[in-house]
Protein chains: 2
Amino acid sequence: MAKRPDNGAPANARAPRRSPGMVDVARLAGVSHMTVSRVINDQPTVSQVTRQRVLAAMSELGYRPNVAARALVTGRTRTLGVISVDTTLYGPASMLLAIERAAREVDYSVSIASLPSLERRTLRDAFDALASQAVEGIIAITPHVAATAALRHVPKDVPVVAVEGGKGPLPTVAVDQYLGASEATRHLLSLGHRSVGHIAGPSDWYEAQERERGWRDVLVAEGRAVPEVVRGDWSPRSGYAAAKQLLEKKTKVTALFVANDQMAIGALRALGEAGISVPRQMSLVGFDDIPEAEFFSPPLTTLRQEFSDVGRRSLELLLEQVEGAPRTRRRLVIPPQFVIRDSTSAPE
Amino acid sequence: MAKRPDNGAPANARAPRRSPGMVDVARLAGVSHMTVSRVINDQPTVSQVTRQRVLAAMSELGYRPNVAARALVTGRTRTLGVISVDTTLYGPASMLLAIERAAREVDYSVSIASLPSLERRTLRDAFDALASQAVEGIIAITPHVAATAALRHVPKDVPVVAVEGGKGPLPTVAVDQYLGASEATRHLLSLGHRSVGHIAGPSDWYEAQERERGWRDVLVAEGRAVPEVVRGDWSPRSGYAAAKQLLEKKTKVTALFVANDQMAIGALRALGEAGISVPRQMSLVGFDDIPEAEFFSPPLTTLRQEFSDVGRRSLELLLEQVEGAPRTRRRLVIPPQFVIRDSTSAPE
DNA sequence: TGTAGGGCTGTTCACGTTAACAGGCATGCT
DNA sequence: AGCATGCCTGTTAACGTGAACAGCCCTACA
């Protein structure tokens with residue numbers, strides 16, 4: 001791209017010696033390059049003495065197998081890709097971490113591609129970036145319904161596992177958001193609250209939809225009023241704004257189910273500013289159990305998602321496809337864990 | 001590794017057709033594979049008509065360049081590696097995200113390797129994992145002093161940039177922790193506090209050391225008493241424990257500089273439980289400005305680190321090395337930004 | 001008209017590895 | 001002794017791409 005002269009520079013300090021290859025090792029060990037290959041790949045048909053000699057030569061030369069050459073001939077890269085939304089969020093970050101750890105354990109490396117926004121175009125870009133690297137499989141942490149939908153229109157020549165995606169044709173790992181939301185709502189009702197308000201996540205997120213649905217269904221089933229939903233974008237700031245907005249409404253409520261912990265801390269702040277005491281005047285339940293939740297004021301009742309579990313499971317599912325059976329259409333659902341702390345109580 | 005029969009299965013539904021290569025495109029377009037190569041690499045010496053024909057053939061066949069073959073012949077992989085500690089923390093996660101975005105923009109892909117613990121052995125493993133993939137450069141987000149030290153003993157054939165590492169032989173990008181800590185401490189003193197307590201981070205973290213040093217130096221310079229430090233591990237829980245421990249000590253203090261925001265929320269909780277009002281009876285300053293900090297009760301005065309900036313800069317530094325000059329020994333220091341909110345005030 | 005030169009295209013080779021097959025050399029059996 | 005067998009090792013041929021060089025044709029100029 002950049003035009004350089006590239007000719008008038010005789011000072012070729014670029015590559016004084018290129019890195020040693022199998023032939024170099026072979027020469028030093030007095031064997032053929034093929035024997036070196038066999039040693040590297042742990043094939044049993046090499047005598048102990050030869051193996052030792054080769055090993056010695058390898059370490060003397062600081063030999064490293066050339067992955068490109070290997071990939072070229074085997075057609076396998078032992079690389080996996082992870083597509084993820086904003087990896088700054090606690091959930092995606094934890095999953096990514098777990099995936100990488102588990103992958104390295106079985107000798108796969110992990111490439112990442114983040115998703116700046118939620119357009120379909122963007123998912124394609126991320127997918128292509130990964131596919132161009134010849135990853136052998138992709139885990140898509142794409143909680144937007146739009147993104148999950150876009151996943152269906154993606155080339156089928158590379159295995160994909162969706163995490164937290166809606167129901168689709170792909171193997172999926174997800175936490176049971178609906179169940180968690182139901183539990184939260186039922187818990188609040190059982191404490192004696194007449195109804196429960198809801199600060200929801202962005203409407204195009206699968207998780208937000210499910211949590212809202214779980215909440216709504218319980219209220220309806222129990223014959224309670226269903227207050228109007230206020231919506232945030234998962235950020236503490238939006239939770240703050242949502243709670244403020246909620247307080248201005250006529251519909252008074254004594255309990256609030258907030259779709260994630262970050263918004264909950266914003267809500268907590270807004271409630272504090274309005275002089276409303278939690279849980280005395282308002283009960284609050286969050287979702288996620290981020291490490292901070294236990295130390296909110298008051299400590300937050302919430303639903304714990306085992307993100308690292310989700311990450312590990314999604315990798316398992318992916319490897320199944322990469323190494324084995326052609327198409328699994330499994331959907332793995334992991335229940336969240338209800339953690340009761342001090343932000344919920346009976347109404348005054 | 002796994003022994004399969006692999007012979008008695010005539011149903012070879014494995015690879016009905018292998019993916020098309022340059023020769024296939026070339027044949028379809030009626031040119032040589034070399035012309036296809038030229039089109040792909042945007043070389044100007046291809047006529048418009050030919051180029052169009054090749055392009056058409058490529059898209060008809062769904063051709064994707066084979067990165068392995070390309071890497072084999074060029075010796076370049078256009079892959080970068082990021083080694084990072086616990087990417088669940090807000091800082092590392094933000095940097096990783098910024099790095100990936102910036103890298104993709106210039107057509108590099110990013111592989112990750114996490115660091116389970118802080119032993120030197122582990123850093124070597126991570127480094128090796130990346131090096132075996134033939135990454136062209138590595139960004140090491142390794143705030144442990146031990147890890148940074150270990151970085152020195154790493155093969156020199158691949159460019160490395162250290163992020164938040166101590167002073168060493170490597171190019172480095174870091175936030176000025178010392179400056180931030182000084183500012184925080186001076187701010188508290190200027191409000192009228194006699195001295196300032198400190199909840200420090202783990203002693204083997206470079207950032208923790210610098211923040212402690214900045215705090216201590218200001219106290220000493222101003223001739224104030226230097227209270228004993230209590231140490232946490234960055235987690236909210238440890239901040240909670242540290243604050244509790246601090247309250248039991250005889251040395252009473254009216255202001256506290258906490259080494260990060262997560263510990264600050266733990267401390268806030270402990271203070272709350274002890275009936276100590278912030279900022280009336282105790283002023284508090286954190287570090288990082290995580291998104292939640294603004295919504296603590298009360299909103300936290302803290303030092304903002306522009307993590308995405310750090311990430312972007314470190315990538316620039318790395319690319320300089322990868323693509324250009326042989327050895328930069330630059331150290332880029334970014335000042336943090338002091339954000340005053342409601343957790344600090346004059347003492348009662 | 002001859003020829004130099006530029007624009008465009010093709011041929012050949014090398015990159016470092018694994019797959020497939022071909023031995024060589026003992027050993028053990030008939 | 002002859003031959004099969006098993007263990008170990010080597011030879012050769014891909015894999016798909018880019019670098020280097022060679023050559024074609026057409027134009028411009030002497």
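Residue numbers start from 1 in every chain, and the chains themselves are labelled A, B, ... in the order their sequence lines are given, proteins ahead of strands.
Under the side chain to side chain donor-acceptor pair (under 3.5 Å) criterion, A/Glu136 pairs with A/Arg76, not counting sequence neighbours. In this structure, the side chain to side chain donor-acceptor pair (under 3.5 Å) partners of A/Ser109, at least two apart in sequence or on a different chain, are A/Thr79, B/Gln133. In this view, A/Arg104 and A/Glu100 satisfy the side chain to side chain donor-acceptor pair (under 3.5 Å) rule, not counting sequence neighbours. Partners of A/Phe127 according to the ring-ring contact (aromatic ring centres under 6.0 Å, His included) rule, which considers only residues two or more places apart in sequence or in another chain, do not exist here. The side-chain contact (heavy atoms from CB on, under 4.5 Å) test applied to A/Val23 returns A/His33, not counting sequence neighbours. Applying the side-chain contact (heavy atoms from CB on, under 4.5 Å) test to A/Arg101 and every residue at least two apart in sequence or in another chain returns A/Leu97, B/Ser114, B/Pro116. Every residue two or more places apart in sequence or in another chain that forms a side chain to side chain donor-acceptor pair (under 3.5 Å) with B/Ser47 is listed here: B/Thr50.
Taking the screw axis at each terminus of the helix from C/dT1-D/dA30 to C/dT30-D/dA1 from five consecutive base pairs, the angle between the two is 60° to within rounding of 10 degrees.
A heavy atom closer than 4.0 Å to some atom of DNA chain D occurs in no member of residues 46-53 of chain B.
Within the 4.5 Å cutoff, the side chain of B/Leu315 has no heavy atoms near those of the B/Arg312 side chain. You'll find the side chain of A/Val173 stays beyond 4.5 Å of the side chain of A/Ile139, heavy atoms only. Side-chain contact check for A/Pro65 versus A/Arg70: some heavy-atom pair is nearer than 4.5 Å. Using a 4.5 Å heavy-atom threshold, the side chains of B/Ile40 and B/Val36 count as touching.
Nucleic acid contact for A/Ser32: base, since at least one base atom lies under 4.0 Å from a heavy atom of the residue. When heavy atoms are screened at a 4.0 angstrom cut-off, B/Thr35 is found touching the sugar-phosphate backbone but no base atom.
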Protein proximity profile, nucleotides 15-20 of chain C - base contact B, sugar-phosphate-only contact S, no contact -, cut-off 4.0 Å on heavy atoms: BBBBBB
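Applying the side-chain hydrogen bond (donor to acceptor under 3.5 Å, both in side chains) test to residues at least two apart or on different chains, the pairs with a partner in residues 52-67 of chain B are A/Asp128-B/Arg64.
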Run the side chain to side chain contact (heavy atoms under 4.5 Å, CB included) check on B/Arg330 and B/Glu320 step by step: do they pass? CA-CA 11 Å; B/Arg330 291 165 57 185; B/Glu320 262 179 33; 3.0 Å; yes
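Counting 5' to 3', DNA chain D first comes under 4.0 angstrom of a heavy atom of chain B and last does so at the ends given by D/dG16 to D/dA20.
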